[in-house]
Chemist: 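Just dropping this structure here.
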Amino acid sequence: MNPTPSYEFDSVEHTISRLAEVGYLADRRLATTVYLLTRLIKPVLLEGPAGVGKTELAHALADSTGRRVVRLQCYEGQDESRALYEWDYGKQMLYTQMLREKIGDIVESSTGIAEAIEQIGSHDDVFFSERFLSSRPLLEAIRSEAPVVLLVDEIDRADEALEAVLLEVLAEGQISIPEIGTFVARHAPYVVLTSNNTRDLSAALKRRCLHLFLDYPDADRELQIIQSKGTGLGDAVAEHLVQVVRGLRELDLRKPPSISEAIDWARTLAVLGISELGTAELDETLSVVLKYDKDLARAREQLAALVQGEIPEPASVPAQVDAATEHAPADREGRTVRSAKDHPGRHGPGTYGERSQPAVDGQPARPRVSTGQGERSFTSKFRRRG
Ligand SMILES: Nc1ncnc2c1ncn2[C@@H]1O[C@H](COP(=O)(O)OP(=O)(O)O)[C@@H](O)[C@H]1O
Ligand SMILES: [Mg+2]
């Protein structure tokens, strides 16, 4: 593989400014990872909640380096033929139909079926050649004439078998097709993998990647991002909006608002001509950022605190160590709530095809219940504010 020397970034600062030129505001930590990606030609794995700019980073990297994005969008049940390559069965059939006479000539001299099959079989390589090969994203990235950014998006949605397929491609930078041979990348792709963290990825995959956890940005950066999108919202109200969004993230919501939702909210407020954010304005437009009834109800209970920029108490942080996770909340902030949910195996046995718990003394094991469960309704009664 030949790393492409042109278009590379000179330094971390250069990476920050080039990404900013194409509308992506990266902090130093992220820019360092991207800089290393382009220098070490190592894949980057970005893990983090939805809507924090993981996918967008791949596009920004492509725009700022003059590369095209080849995207593999992962989903459950995806098999390798959808990720690597497929034989174009329809085209093979069409050619067979058109060549019927020729095939007739080939088998004409045969005395039986076995011999006829042998004779046709000797022409296998014609039908299993590049002409009949349909490249899927991974092969497309490897075969591309021009350098590309390979985006493997939401890898956590795919099954672990697909991770194994990926490993080969990432480690070798090549794809072997038994009938044809090995394709080696002309230009090493810049590989960006993203995960919304719904399951744990294999250690082998993580080992091969530069790994970065991308969380919600700090208030200044989030404000900059919103302002950079030309939402039409005034600076003062945008600043207030960022505070409110950050307050919402401290509530234990099923789906906390992401950067993209904050941007949508800013646009909505601008269209409505809102120049000051009070409880009424908040109440009327909350549904732009919160998509679940329970989240809306929870936020509505805290409207006054949110508008004042106070951090409401998360309702469901257990006061003691959660026995199932052995995760003791060090403080009562939303970040702790999120990280407390983010531990290996948090979806329990069986969710991702793991074997369920073994039977004990002939009795099927019962699901473990954390000591924190059931406290929700009680802790929610005691709030710091509101
Ligand atoms: N650092 C950033 N700079 C500029 N825009 C950003 C940034 N982070 C997020 N965004 C905005 O948030 C939107 C959602 O980001 P996206 O990459 O789709 O999230 P994810 O892939 O993490 O779910 C993007 O379309 C972009 O408008
Ligand atoms: Mg995404």
Side-chain angles (χ1 to χ4, degrees), residues 9 12-35 37 43-65 67 69-76 78 137 149-158 162 190-199 201 209-233 238 241-242 245-246 248-249 253-270 288-291 335 338 341-342:
F9 307 120
V12 174
E13 286 70 26
H14 189 216
T15 310
I16 292 177
S17 66
R18 289 288 296 276
L19 289 174
E21 279 167 24
V22 296
Y24 193 92
L25 306 181
D27 60 15
R28 248 198 105 73
R29 208 169 58 101
L30 178 58
T32 304
T33 310
V34 174
Y35 176 61
L37 177 168
V44 162
L45 168 61
L46 299 172
E47 286 195 276
V52 293
K54 301 183 296 297
T55 304
E56 187 73 7
L57 177 74
H59 291 288
L61 176 61
D63 291 347
S64 61
T65 54
R67 292 178 174 227
V69 174
V70 176
R71 179 180 190 155
L72 175 66
Q73 176 63 54
C74 300
Y75 54 88
E76 209 179 324
Q78 190 172 31
V149 170
L150 171 61
L151 166 62
V152 181
D153 214 11
E154 304 185 347
I155 174 86
D156 52 329
R157 283 172 183 256
L162 196 76
Y190 291 160
V191 184
V192 177
L193 300 111
T194 80
S195 162
N196 285 345
N197 223 4
T198 58
R199 73 167 170 86
L201 303 175
C209 298
L210 298 163
H211 181 247
L212 188 76
F213 188 83
L214 209 58
D215 206 345
Y216 301 111
D218 62 31
D220 288 346
R221 186 164 308 281
E222 187 151 20
L223 181 61
Q224 280 173 18
I225 294 173
I226 292 174
Q227 286 169 330
S228 75
K229 301 291 175 188
T231 59
L233 194 67
L241 174 86
V242 168
V245 167
R246 292 171 69 78
L248 283 170
R249 286 184 194 139
L253 301 180
R254 178 165 170 194
K255 172 67 181 79
S258 65
I259 304 176
S260 43
E261 277 138 1
I263 297 168
D264 284 348
W265 205 3
R267 288 210 174 96
T268 306
L269 295 175
V288 175
V289 284
L290 302 181
K291 308 291 160 64
R335 184 178 291 259
R338 289 197 298 281
K341 287 178 185 167
D342 177 29

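In each ligand, atom 1 is the first atom listed, and ligand 1 is the first ligand listed. Starting from 1, each residue takes its place in the sequence as its number. Not measured: the values here are computed from a predicted model.
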Chemist: Classify the contact between I225 and ligand 1 as side chain, backbone, both or neither, using a heavy-atom distance cut-off of under 4.0 Å.
Modeler: side chain

Chemist: Would you confirm whether D156, through its side chain, and T198, through its main-chain N or O, come within 3.5 Å as a donor-acceptor pair?
Modeler: yes

Chemist: Counting non-hydrogen protein atoms only, what is the nearest one to atom 3 (N) of ligand 1? Give residue, atom name and distance.
Modeler: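 The closest heavy atom on the protein side is L25 N, 3.0 Å.
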
Chemist: Among all protein heavy atoms in this structure, tell me which lies nearest to atom 21 (O) of ligand 1, with the distance rounded to 0.1 Å.
Modeler: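 Of every protein heavy atom, T55 OG1, 2.7 Å lies nearest to atom 21 (O) of ligand 1.
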
Chemist: Taking E154's backbone N and O only, do any of them form a donor-acceptor pair with S195's side chain (distance below 3.5 Å, no angle check)?
Modeler: no

Chemist: Is it the case that ligand 1 has an N or O less than 3.5 angstrom from some N or O of G51?
Modeler: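 N/O-N/O distance below 3.5 Å exists for this pair.
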
Chemist: Kindly give the heavy-atom pair with the smallest separation between L290 and L253, and that separation in Å.
Modeler: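 Taking L290 first and L253 second, the nearest heavy atoms are CD2-CD1, 3.6 Å.
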
Chemist: Examine the proximity of ligand 1 to I263 and report which part, side chain or backbone, both or neither, has a heavy atom under 4.0 Å away.
Modeler: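 I263 to ligand 1: side-chain contact only, backbone stays beyond 4.0 Å.
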
Chemist: What protein heavy atom sits nearest atom 4 (C) of ligand 1, and how far off is it?
Modeler: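 Checking every protein heavy atom, the shortest distance to atom 4 (C) of ligand 1 gives G23 O, 3.3 Å.
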
Chemist: Indicate the atoms forming the closest heavy-atom contact of Y24 with A60, along with that distance.
Modeler: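 What the structure gives for the nearest pair is CB-CB, 3.5 Å.
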
Chemist: Of all the heavy-atom pairs spanning N196 and A50, show the shortest one and how long it is.
Modeler: OD1-CA, 4.0 Å

Chemist: Checking the side chain of R199 only, and the main-chain atoms of A158 only, is there a donor and an acceptor separated by less than 3.5 Å?
Modeler: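 Here the side-chain-to-backbone pair exists.
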
Chemist: Any salt bridge between E47 and K54, counting N to O under 4.0 Å?
Modeler: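 Salt bridge flag = no for K54 with E47.
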
Chemist: Under a 4.0 angstrom heavy-atom cut-off, which atoms of ligand 1 come close to G53?
Modeler: 8 (N), 9 (C), 15 (O), 16 (P), 17 (O), 19 (O), 20 (P), 22 (O)

Chemist: Which heavy atom in C209 sits nearest to a heavy atom in L193, and how many Å separate them?
Modeler: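 For C209 and L193, the tightest heavy-atom pair comes out as SG-CD1, 3.6 Å.
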
Chemist: Can you tell me if R249 uses its side chain to pair, donor with acceptor, with the backbone of P256 under 3.5 Å?
Modeler: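 No; zero donor-acceptor contacts below 3.5 Å.
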
Chemist: Closest non-hydrogen protein atom to atom 22 (O) of ligand 1, residue and atom name please, with distance?
Modeler: K54 NZ, 2.7 Å

Chemist: Please could you name the atoms of ligand 1 that A50 approaches to less than 4.0 Å, counting only its heavy atoms?
Modeler: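 Listed by number with element, the hits are 23 (O).
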
Chemist: Which residue holds the protein heavy atom closest to atom 10 (N) of ligand 1, what is that atom called, and what is the gap in Å?
Modeler: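 Checking every protein heavy atom, the shortest distance to atom 10 (N) of ligand 1 gives I259 CG2, 4.0 Å.
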
Chemist: Heavy-atom distances under 4.0 Å decide this one: backbone, side chain, both or neither, for K229 against ligand 1?
Modeler: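 Contact part for K229 vs ligand 1: side chain (C-beta onward).
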
Chemist: Provide, to 0.1 Å, the distance between atom 25 (O) of ligand 1 and the closest protein heavy atom, together with that atom's residue and name.
Modeler: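 Going by distance alone, atom 25 (O) of ligand 1 is nearest to E56 OE1, 3.4 Å.
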
Chemist: Please report whether ligand 1 has a polar contact with A26, defined as an N or O pair separated by less than 3.5 Å (distance criterion only).
Modeler: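 Between A26 and ligand 1, no N or O pair is found under 3.5 Å apart.
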
Chemist: At what distance is the nearest protein heavy atom to atom 13 (C) of ligand 1, and which residue and atom is it?
Modeler: S260 CB, 3.5 Å

Chemist: Report yes or no: does T55 have an N/O/S atom closer than 2.8 Å to the Mg ion (ligand 2)?
Modeler: yes

Chemist: Can you name the closest pair of heavy atoms from A58 and V149 and give their distance?
Modeler: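 Looking at all heavy atoms of both residues, the closest pair is O-CG1, 3.8 Å.
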
